[in-house]
Amino acid sequence: EPEVTQTPSHQVTQMGQEVILRCVPISNHLYFYWYRQILGQKVEFLVSFYNNEISEKSEIFDDQFSVERPDGSNFTLKIRSTKLEDSAMYFCASTRALGLASAQYFGPGTRLTVL
Amino acid sequence: SQQGEEDPQALSIQEGENATMNCSYKTSINNLQWYRQNSGRGLVHLILIRSNEREKHSGRLRVTLDTSKKSSSLLITASRAADTASYFCATDALVFQGAQKLVFGQGTRLTINP
C-alpha cells in the first residue's frame with residue numbers, strides 16, 4: 001500500500017541553523033500538509049499546499065518557515081533559523097481528492113531537536 | 001476554536017474488554033476523523049465519518065457522530081495489547097482551493113493490560 005515517507009527520521013541542529021525536512025507524499029495525491037507536535041501537546045496544523053502554492057497557513061508558520069515542491073515527488077519544509085521552541089515532531093500528510101471526505105495520510109514524522 | 005477534545009485523557013482496560021473514547025468539538029464540520037498514534041510514531045488514519053453520517057464501522061472499530069451535540073465516540077471492541085496507543089479525533093475545515101485543515105484534540109491514551 002502506498003505511504004507517505006519522511007526523511008530524516010531524527011534531525012539534531014544548533015539554534016540559528018537552517019533545516020530542511022523532506023517528505024514524499026503518495027504519488028497521486030494533490031494536497032500536501034505539514035503539521036507539528038511538540039512533546040506532550042496536540043498535533044498542530046502548519047500549512048497546506050496545493051497547485052504549487054500555499055492554501056492556508058497557521059500563525060505558527062511565520063517568515064522563518066517555507067515550503068516547496070521542487071520536483072514531482074518531494075515536498076519540503078524549511079526552517080531558516082531554528083529556535084529552541086521549534087523542537088517537535090514534524091509530520092507531512094497528503095490527500096488525494098478535492099477536499100470533501102478525504103482522509104489525510106500521515107508520514108512517520110521527523111523528530112527535530114534544536115540545541 | 002474548532003478543536004476536538006477527547007475524553008477520557010487516559011483509559012486503562014483489560015485485554016478483551018471494549019474501549020470507548022469520546023470527542024467533542026465546537027463548530028460545524030465537514031468530516032470527523034480518528035487517528036491512532038503509537039508512542040513516538042506517526043499518525044495512522046483509522047476512520048472518517050462524514051457530517052451526514054451517524055455511525056460507521058470498520059473491523060473492530062465503531063464510530064458514532066452526533067452533530068446536534070457536536071460529539072463523536074470511538075468504540076474498539078475485543079481490545080488487544082496491540083491497540084495500546086493514543087487516539088485522536090480531528091475535525092476539518094475546508095480552506096482555499098479545497099484543502100483540508102485538520103484540528104486535533106489532545107488525545108486519549110489507551111492502555112490494554114494483558
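Each chain gets a letter, A, B and so on, in the order the sequences are listed, and its residues count up from 1. Everything quoted here is computed from the prediction, not taken from an experiment.
From A/Q37, atom CD reaches atom CG of B/L43 across 6.5 Å, with rounding to the nearest 0.5 Å. For the atom pair A/K42 NZ and B/F88 CZ, the distance stands at 10.5 Å (nearest 0.5 Å). Rounding to the nearest 0.5 angstrom, the gap separating the OH atom in A/Y105 from the NE2 atom in B/H45 is 6.0 Å. Note that CG of B/L102 and CZ of A/F91 are 13.0 Å apart. Values are rounded to the nearest 0.5 Å. Taken from OG in A/S58 to NZ in B/K101, the straight-line distance is 7.0 Å, to the nearest 0.5 Å.
Annotation: A/R80, atom CZ; neighbour count of heavy atoms from other residues, nucleotides and ligands within 6.0 Å is above 12. Counting heavy-atom neighbours within 6.0 Å of B/Q9 CD, excluding the residue itself, gives a total of 12 or less. Within a 6.0 Å sphere centred on CZ of B/R60, heavy atoms belonging to other residues, nucleotides or ligands number more than 12. More than 12 heavy-atom neighbours from other residues, nucleotides or ligands sit within 6.0 angstrom of CD on B/Q14. A 6.0 Å sphere centred on NZ of B/K56 holds more than 12 heavy atoms belonging to other residues, nucleotides or ligands. Surrounding CG of A/D63 are at most 12 heavy atoms belonging to other residues, nucleotides or ligands under 6.0 Å away.
Inspection of non-hydrogen atoms places A/P108, A/R111 of residues 108-115 of chain A under 4.5 Å from chain B.
Of the two parts of A/E44, neither the backbone nor the side chain holds a non-hydrogen atom closer than 4.5 Å to a non-hydrogen atom of chain B.
A continuous path of hydrophobic side-chain contacts links A/I54 to A/L46 [ILVMFWY only; heavy atoms under 4.5 Å]. Linking ILVMFWY side-chain heavy atoms closer than 4.5 Å, directly or via other members, places A/I60 and A/F49 in a single hydrophobic cluster. A/F32 and A/I79 fall within the same hydrophobic cluster, where Ile, Leu, Val, Met, Phe, Trp and Tyr residues are linked whenever their side-chain heavy atoms come under 4.5 Å apart, directly or through other members.
Taking the six-membered ring for Trp and thresholds of 30 and 60 degrees, A/Y35 and B/F104 have ring planes more than 60 degrees apart, a perpendicular arrangement.
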